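Worksheet: one structure, shown below.
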Protein chains: 2
Amino acid sequence: MSTAEPGLADIQAARERIAPHVHVTPICRSALLDAHCGARVAFKCENLQKAGAFKARGANNAVFSLVEADARRGVATHSSGNHGAALAQAARGRDIAAHIVMPASAPAVKKQAVAAYGGHIIECAPTLAAREAALAQLVAATGAHVVHPFTDPRVIAGQGTVALEILEQVPDLDVVVVPVGGGGLLAGVAIAIKSLRPSVEVVAAEPAGADDAFRSFGLGELQPQNAPDTIADGLLAGLGELNFALIQRHVDTILTVTDDNIVAAMRLQWSRLKTVVEPSGAVSFAALLEHPERFRGRNVVAVISGGNLDPDGLPW
Amino acid sequence: MSTAEPGLADIQAARERIAPHVHVTPICRSALLDAHCGARVAFKCENLQKAGAFKARGANNAVFSLVEADARRGVATHSSGNHGAALAQAARGRDIAAHIVMPASAPAVKKQAVAAYGGHIIECAPTLAAREAALAQLVAATGAHVVHPFTDPRVIAGQGTVALEILEQVPDLDVVVVPVGGGGLLAGVAIAIKSLRPSVEVVAAEPAGADDAFRSFGLGELQPQNAPDTIADGLLAGLGELNFALIQRHVDTILTVTDDNIVAAMRLQWSRLKTVVEPSGAVSFAALLEHPERFRGRNVVAVISGGNLDPDGLPW
C-alpha cells in the first residue's frame, strides 16, 4: 500500500475509475430549513450512495486500482460499519472475494449489509487487538489485499470525488461542511476544493464526544482519541496520520457539535427532507444548528455522509 | 365548483399552471429491492413534493385556476391530513388566505405543517358533521372558495400531472401502482396514462382495512367505507362519486394489502431507499410485496404518495 499523498489528479482519476460502480448522488434542499438556518443550504446526499454511504467511493477506487494479480487474491478489512459493506459492494463489482473481519457483537443490520453484497464475514472478539489479529491471520492464509477505511491514499482520493460533484452541482457555494472521524472524507474533499476553488471555506464538523480532530487541529499535533462517547458511531475512530497532515494543510476550521444537536439535525432532515440520515451523517447539519452565526446568509453545502440507520434503533 | 370530468387537456394545462409552484419529483431505485421483488421497480417520490405529498399538485392547480375576484376571498377546506398543508402552501404562493378546519384532536405535527405555510386553523370537534358545520360557517363569514381534497376536477387534474412526469422519467414502464383513498390521485393518474399510453396497466393499491374502492370496483357500484381500520391514515376517506366513475373507466385492477405488508414496505423503503414514507405512501410498494406474481419481470412504477410521518410515531 502506497502512503504517497493523494492530489487533485488522483481524485480526478478516481472519478473516472469509479463512475460505473457508484452513484452521482443528488443535492436536496428545503426552503423551510433555509429559513431555519438563515442560510441557503444544499445537502449532498451520500446516504443515497451505493451501500448507503460515501465509503463506496473510496472502496471502489481501491478495488479497481488493483492490478489483476493482486485483485484475484481478494480484498480484506476490519470494520464494524459502512466501510465493510462498501468494500463488499466494490469487490462484487469486480467479481473478487471480500473478507470482512467484524466483532461478533456488531449489529445484525451491519452484518446483513455485508452479507447482502456477498462479503465473507469473519467474526472476532470486540477489541482492536482481536480484529487486527484476525485480519493478519486472514491475510496470511489468503493473500488478500488490505484496504484501510481511511488512511489509504486511494480511499482518500475516492472520497474526494464527492467534492468534484459538489462543485458542479452547487457552483455558487461559499462553504462546505464535512463530518470528520478518521478523516478520509474530509481530507479528500479538502484537497479537491482547495485545488479547484480555494476561496471556498472547508469546515469540518466533529462530535464533541469524539473530538480528537478538533484538539489535534488546535494544538498542531496529532492527539489520541480518548474514550469517545457520542451517538455518532461512525466517527469513533481517531484521525489517521496522513489524514491529519492533509487536513492541517487544506481545512479552514473544525467545529464540534453536541449529541443533542446531532439528534435535532436528524429529526429536521427526516421531517423536512424526508431522508434517513444516520447520526454520523447528521453531524454536518448539526454544525449549522450549533454555530448559526458562522453560516448566516451564505451558500452552504452540508454533506450527509451516510444513512445506515436501523429502523428499530432510533436515537430518540 | 365545476363537476365536469377532467381530461388529458386539463392535466396538461395543470402541469403548466403549477410548474412554478411544485417540484418535479425524482425517481429512485434500488438494485436490492429489484432483486427482492423480481421486477424492475421505479419509485416516484411524491414524499419529496412540496408540503411532503402529491396533494400540493391538486391544491396549486385549484388555487391558481381561480379568477382574481374569487381568489381574493381566500380558500378553505376541512382536512386533518396532507390536503390542508398543501392548500396552505398553495395559497401562500398566491398570497391569499387559506382557512383550514381541523379537528382539535389532530396531531400537533399536522397543525404545525399548516401553520408553517401560514394557514389559518379553525379547530372543531372530531366529527364529520362538526367539520362541515365549521366549514359552512367559515364560508358564510369570509366568502372563501372551498377546495375539496379529491372530488374537485381541478384537484384531480392536478394530481394527474404525476403521471405526465412518470411517462417521461420511465419511458419503458409496463405498470403503474397508485394508492387509493378518496381517489383523486388514482383518477388523475389513470386518465393521463390511458390517454397517452393505453398499454400501460394502471393498478390501484388499497388497505384491506379500508377497501371501499376494491368492493365498489368489483360490484360495479359505489359502496360506502364502513368503519375503516388501517395504519394508512391518509386513505380512510370513501371514494368520491366522480372519482369512482373515472376509476371504473380507466383503472385495470385494484389490489388490497394488509397493514403488516404496509409496515414491511415502509421499513424496506427506509433501509434501501433511505427515504421516509408515511403508511399511506407505502401502500403501492406493499402491493408488490403482497402480490409478487402480478409484477414479476415487469417494469413497475410505484408511487410513494407522501412522507409526512411523525418521527415519534413509527408504527413498529
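What you see is a predicted model; the values in this text were computed from it and never measured.
In this structure, A:W270 and B:L309 approach most closely via the heavy-atom pair NE1-O, 2.8 Å.
Heavy atoms closer than 4.5 Å to chain B are found in the side chain of A:W316, but not in its backbone.
The closest side-chain heavy-atom distance from B:V277 to A:K274 is not below 4.5 Å.
With a 6.0 Å radius and a threshold of 12 heavy atoms from other residues, nucleotides or ligands, A:R272 has its CZ atom at or below the threshold. Counting heavy atoms of neighbouring residues, nucleotides and ligands inside a 6.0 Å radius, atom CG of A:D172 exceeds 12 of them.
For the atom pair A:S271 OG and B:D310 CG, the distance stands at 7.5 Å (nearest 0.5 Å).
Between chain B and the residues A:L32, A:T275, A:L273, A:V109, the most heavy-atom pairs under 4.5 angstrom are made by A:T275.
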